[in-house]
Each structure stands twice: as C-alpha cells, then as structure tokens.
Amino acid sequence: MMLGSGAPELHPPEGFRWVADRLESAGFEAWAVGGAIRDAWSGDARADWDVATSARPEQVRSLFRRTVPLGIEHGTVGVVGPDGTMYEVTTFRRDVETDGRHAVVEFSDTIEEDLARRDFTINALAWRPATGELRDPHGGVEDLKEARLRAVGDPAERFAEDYLRVLRGLRFAGRYSLEFDPSTRAALEEAVPGLERLSAERVREELMKSLAGERAGETLALYAETGALDHWLPELAAVARADPRWQSTLSAIDAIPRHRAFLRLVRFLLALPREEGAEESRGSDSGSGADSAPVSAIMERLKFSRSEARRAEILWARYLPLVSPVDSAAAIREWLSEAGRDHARDLFRLHFALARGSGAIESERALVHTWRRVHDELVGGAPLDLSELAVDGNDILELGLPHGPLVGLMLEELHAQVIEDPTRNDRETLLAEARELIELGALDGLDSGV
Ligand code: ATP
Ligand code: MG
C-alpha cells in the first residue's frame, strides 16, 4: 500500500532518514515502525523514530561509527545520528517461545513476521522511506480511522503471550480515546488475572508511561473498570469503587503537566484514605501529617527506588495542612520550614491540580494568592531550614551545654524564634539568647521526654 489520500504526511527527523538511507545503500531494508507511524495519525510529532531492519546487529554495528549495544540479544542497536540523537535499530524478529512474561526471539528476514509479533494493529504499521511504501497487514490504518483498538491475530493468545499487553492496551485506549474491538475487550478482561505474573519493574514502568501520557486519567479509569487496578493497586481499586473523590483525582492527575509524571503518581496516591496526625506521634522526620504507611507499601510493591519512595511519602504526609491566605507571615514561614524548601512548590502543584481539575475557580484564586505570599517568604532569605541558622551545634556546645538532646532542643528553640522574626538570625543575637536560656534553665526538664 502507498500512502494515499487521507493518510498523514510522514515527516521523519533528518537523522532518521540518514540512518535509513545508509542501511538501504548497504542492501538492507529499513522501516519506521511502532509509535512514530501510529502517532502520525493523531498529529503528534515525535522525536523517537524506531527502525526495523533486515540487517543483523553485527551488520548494523559495522555500518555506523557511533553505536551503542542497547540489547544485542534482542537485536537492538542504538545508532547515533549526525544530529547527536540516538535511534533504536532493531533486527526483524519473530517469537519462538513466550510464557506470559518474556519472549524468546529469533531474527527474521521479513517485515511481515516482525509486524505479526506486535501487540495491536495500530502498532503493527511500517513505513519504508526508501520506497514510500506503507505495510499494514493487520488493518491498523482502518482501526486508527475508526478509533478502534484491536489485537493482532487471536486476542486471547496475544495477551497470554505477554500479560503486559493488558496494561499497554489500556494505555493506548485511554490516550487515543479508542473503543475496544469487542473480542479484544473480552480477551483483555479474561487476561487481567495474568497481571499477577508480571515483574514489578515492568508494571511500574508501564504505569509511569501511562501517567506520562495524555489522558492519563482515562487510562486509570480503564484500569479500574477492567479490574486491572485490583492486582497491583488494590487500595486504589477500593477508592475507585466507593470513594466520591475518585473522579476528581483523575481530573487532578490530568491537570498536572505530563512531564511531571512522578507528581501525577503522588496525586494518584493522594486518593488513598488518610489518618491525620498519626505520623507526628511516631516522631518521624516526615514531619506532621498523615501516616504515610499505605504509600510506603505501594512504593515498595512496585519496587520504586528508596529516594522515590521517600519523596512520595513526604509529599503525601505533608499535603495537609496547607497555609491559608489569611495566615501571618510567621505562620507561612513555619509551614515552609515544616514542608521543606524542596517540597513546598510540589505541594502547591498538587493542590493547584485538584482545584484546576475540578474547575474550582474560587479555590484556585485563593491558592494563587497564598502561593504568592509563600513564594515571597521562600525567596525572602528567611532561615527556613535549621542549617540556615546563624549558629550551629558547635556554637551551643562552646557555651557549655553538654553533648546530647539539649543541643538540638536549643537549636530548635532558636530556629522557632527566627522563623517568628527573621531579623534575629544574627550570630551575636542568637548566642546572647542561648546564654540567657541556659541561665534561666529554660530547657531543663524538656529533655526528659526526648
Ligand atoms: P510509546 O513509545 O509512545 O509509549 P510505542 O508504541 O513506541 O509507544 P514502545 O513500548 O516504545 O511503544 O514499543 C514500540 C513498539 O514495539 C510498539 O509500537 C509495538 O509495536 C511493539 N511492542 C512493544 N512492546 C510490546 C509488547 N509487549 N508486545 C508486543 N509488541 C510490543
Ligand atoms: Mg516507543
């Protein structure tokens, strides 16, 4: 098939053409495949144009000066184009064995075989720049025109080969507003329990891809509707079933820019039920707020890194309380010092998203007003963090206070004073204050509870 009327024009990046031309000149076929061709129909311009080729990985490596072995055993070589961009060049493949989690592949000589192992018809399109030919053996173009998601071949078999396709299907359906072909939908629902068998890493990566996509809220709604959510995120599945906040959570997720996928994840987790104040009594350094144990459990289950888990827990725990527009400057500084400089902006982003997502103009306006005041304090140079105090632990020890918890208490007391009045953040003033507190014995008795 040639690209005819009604088909979009394909505008691959120059670097892609350069890679394809060189392969073709050496006698190999070079096709653009996958997302780049699919997205041309939805008008999305994209940077990552993947190449499928008849050349074997060693041949690809010998043709180009700058290559990166991305996954030689799967046939993928990264080729760095003249523009410095890396293109993924993958040898045609066919599956020889699948088990629902991974596939054993073999190299193949035809684009047809390569397209036959792809998951959905809209992903099984290939275009050869050398001839202008479009290969569409499974009716992907028709499905794109009809806004329909259909598996390549027998849907039940395709999901059983790799259960990740269940989640991929939900992502494509959500992102492009596709209707499921009925037999694909039925097979997908049947395959949902197979999600249990996937590795946490693949599920996590797929979830993050969905969160980074357009209409992520729609994809998550499909996760809930098909029962996919029950397998990896049952806590959120329960919210989807019973909680009136579910819809506003989905719109709030879409109200966060796509490149902040991690913040979208946190926004999603904020739908979990909270037990306010529990964290404080445990003396955790997450500060006051809700007990973030439910978040920790999910982050661990999906094998997020320790630092990612930490960031999610902190934002979740500190989401509430938020300062209000009528709070004093001192109260705002106190909130900022609790929230932490790094997280304050993200916390506001999370609140903004909820207001914007639900069209709550009044609360959005109040948030803008509050944020302006918070921002003034953020850049105003007040010592929000203990480390920004004009004196440190050594200074206190030199005043004769013994090593131990009293030193920390003293610093906290001084910090509270400068949060109240930042002009007091001066070495002499604070040392004088500390001497006076020691003389008064003001800290005595306080340490018994520490
Ligand atoms: P995007 O990059 O926009 O998320 P994509 O379609 O490029 O979407 P990738 O995960 O990058 O998705 O995969 C590239 C192509 O490889 C897909 O279009 C599809 O043809 C094929 N593919 C990827 N994963 C699978 C899978 N699990 N089963 C079958 N085919 C797959
Ligand atoms: Mg891709």
Side-chain angles (χ1 to χ4, degrees), residues 98-103 119-120 149 151 155-156 158-175 180 184-213 215-243 245-247 249-250 252-254 256 258 260-274 291-313 315-316:
T98 55
D99 64 358
R101 302 159 54 99
H102 22 58
D119 46 9
F120 299 99
L149 190 69
R158 304 320 307 279
F159 289 121
E161 285 167 4
D162 180 2
Y163 289 104
L164 192 71
R165 291 171 187 164
V166 169
L167 299 183
R168 288 175 53 86
L170 300 177
R171 166 157 60 95
F172 294 125
R175 171 164 162 201
F180 279 98
T184 295
R185 170 82 185 214
L188 182 144
E189 284 181 15
E190 290 259 316
V192 160
L195 292 173
E196 299 278 353
R197 301 181 41 204
L198 295 172
S199 69
E201 289 80 359
R202 288 186 84 205
V203 172
R204 180 191 68 226
E205 270 177 33
E206 179 52 39
L207 175 68
M208 293 312 290
K209 269 193 166 188
S210 287
L211 285 169
R215 296 167 53 84
E218 191 52 41
T219 297
L220 295 173
L222 288 170
Y223 267 57
E225 203 181 300
T226 55
L229 205 53
D230 286 276
H231 291 274
W232 285 86
L233 300 166
E235 305 91 331
L236 286 158
V239 175
R241 270 189 289 272
D243 200 309
R245 285 175 311 176
W246 176 247
Q247 280 309 327
T249 294
L250 299 185
I253 288 169
D254 286 336
I256 293 175
R258 287 196 285 131
R260 296 191 206 286
F262 192 83
L263 220 49
R264 285 180 158 198
L265 172 71
V266 176
R267 194 54 262 184
F268 192 27
L269 297 173
L270 281 166
L272 292 167
R274 313 167 67 80
D291 180 356
S292 59
V295 174
S296 316
I298 289 174
M299 298 302 279
E300 202 170 304
R301 189 180 312 143
L302 288 173
K303 300 213 170 118
F304 278 93
S305 71
R306 247 339 276 162
S307 67
E308 286 169 320
R310 194 79 197 112
R311 183 171 168 217
E313 286 156 12
L315 290 173
W316 197 86

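Here the structure is a predicted model, which is why all the values come from computation and not from measurement. Start at 1 with the first residue, then count along the sequence.
The two residues Trp232 and Pro234 come nearest to each other via the heavy atoms C-CD, 3.4 Å. The two residues Phe159 and Ala191 have their closest heavy-atom pair at CB-CB, 3.6 Å. Residue Leu149 comes nearest to Gly169 through the heavy atom pair CD2-O, 3.2 Å, listed as atom of the first residue, atom of the second, then distance. The two residues Asp99 and Arg197 come nearest to each other via the heavy atoms O-NH2, 2.6 Å. When all heavy atoms of Asp254 and Gly217 are compared, the pair lying nearest together is OD1-N, 3.0 Å. Looking at every heavy atom in both residues, Leu263 comes nearest to Ile256 through O-CD1, 3.8 Å.
Between Glu300 atom CD and Arg306 atom CZ the span is 7.5 Å, to the nearest 0.5 Å. Atom CG in Asp291 sits 7.5 Å away from atom OG in Ser296 (nearest 0.5 Å). Distance check, rounded to the nearest 0.5 Å: OG of Ser292 to CD1 of Ile298 gives 11.5 Å. In this structure, Ile253 CD1 and Arg258 CZ are separated by 14.5 Å, a value rounded to the nearest 0.5 Å. The structure places CD of Glu201 at 11.0 Å from CZ of Phe304, a figure rounded to the nearest 0.5 Å.
Side-chain N or O atoms of Arg175 include none that pairs as donor or acceptor with a backbone N or O of Thr219 at under 3.5 Å. Under a 3.5 Å cut-off, the side chain of Arg264 and the backbone N or O of Gly213 do form a donor-acceptor pair. Judged by distance alone, the side chain of Arg274 and the main-chain N or O of Trp316 form a donor-acceptor pair under 3.5 Å. Here the side chain of Arg204 pairs a donor or acceptor atom with the backbone of Lys303 at under 3.5 angstrom. With Thr184 contributing its side chain and Pro155 its backbone, the two residues share no donor-acceptor pair below 3.5 Å. With hydrogens and angles ignored, the 3.5 Å screen pairs no side-chain donor or acceptor of Arg158 with any backbone N or O of Asp119.
Using a cutoff of 4.0 Å between basic side-chain nitrogens and carboxylate oxygens, Glu189 and Arg185 are scored as salt-bridged. Electrostatic pairing of Asp243 and Arg245 counts as a salt bridge here, judged by a charged N lying under 4.0 Å from a carboxylate O. A salt bridge does not link Arg311 to Glu308: none of the charged nitrogens lies less than 4.0 Å from a carboxylate oxygen.
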Go through Glu313 and Arg310 one step at a time and tell me if the salt bridge (charged side-chain N to carboxylate O under 4.0 Å, His left out) criterion holds.
CA-CA 5 Å; Glu313 286 156 12; Arg310 194 79 197 112; 3.3 Å; yes
List the steps and the verdict of side-chain contact (heavy atoms from CB on, under 4.5 Å) for Leu233 and Phe268.
CA-CA 11 Å; Leu233 300 166; Phe268 192 27; 4.0 Å; yes
Working note: Leu265 + Leu207, criterion side-chain contact (heavy atoms from CB on, under 4.5 Å); need CA distance, chi angles, decisive distance, verdict.
CA-CA 9 Å; Leu265 172 71; Leu207 175 68; 4.1 Å; yes
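Asp162 pairs with exactly one of Arg202, Arg101, Arg168 by the side chain to side chain donor-acceptor pair (under 3.5 Å) rule, that one being Arg202.
Counting heavy atoms from C-beta on, the side chains of Leu170 and Phe180 come closer than 4.5 Å. Between Leu195 and Leu198 the shortest side-chain heavy-atom distance falls below 4.5 Å. Pro273 places a side-chain heavy atom less than 4.5 Å from the side chain of Val239. Taking 4.5 Å as the limit, some side-chain heavy atom of Leu302 sits within range of a side-chain heavy atom of Val203. Between Leu211 and Leu220 there is a side-chain heavy-atom pair separated by less than 4.5 Å. Put simply, the side chain of Leu167 does not reach to within 4.5 Å of the side chain of Glu205, judged on heavy atoms.
Aromatic ring pairs are classed by plane angle as parallel below 30°, tilted from 30° to 60° and perpendicular above 60°; the pair Phe172 and Phe120 is perpendicular.
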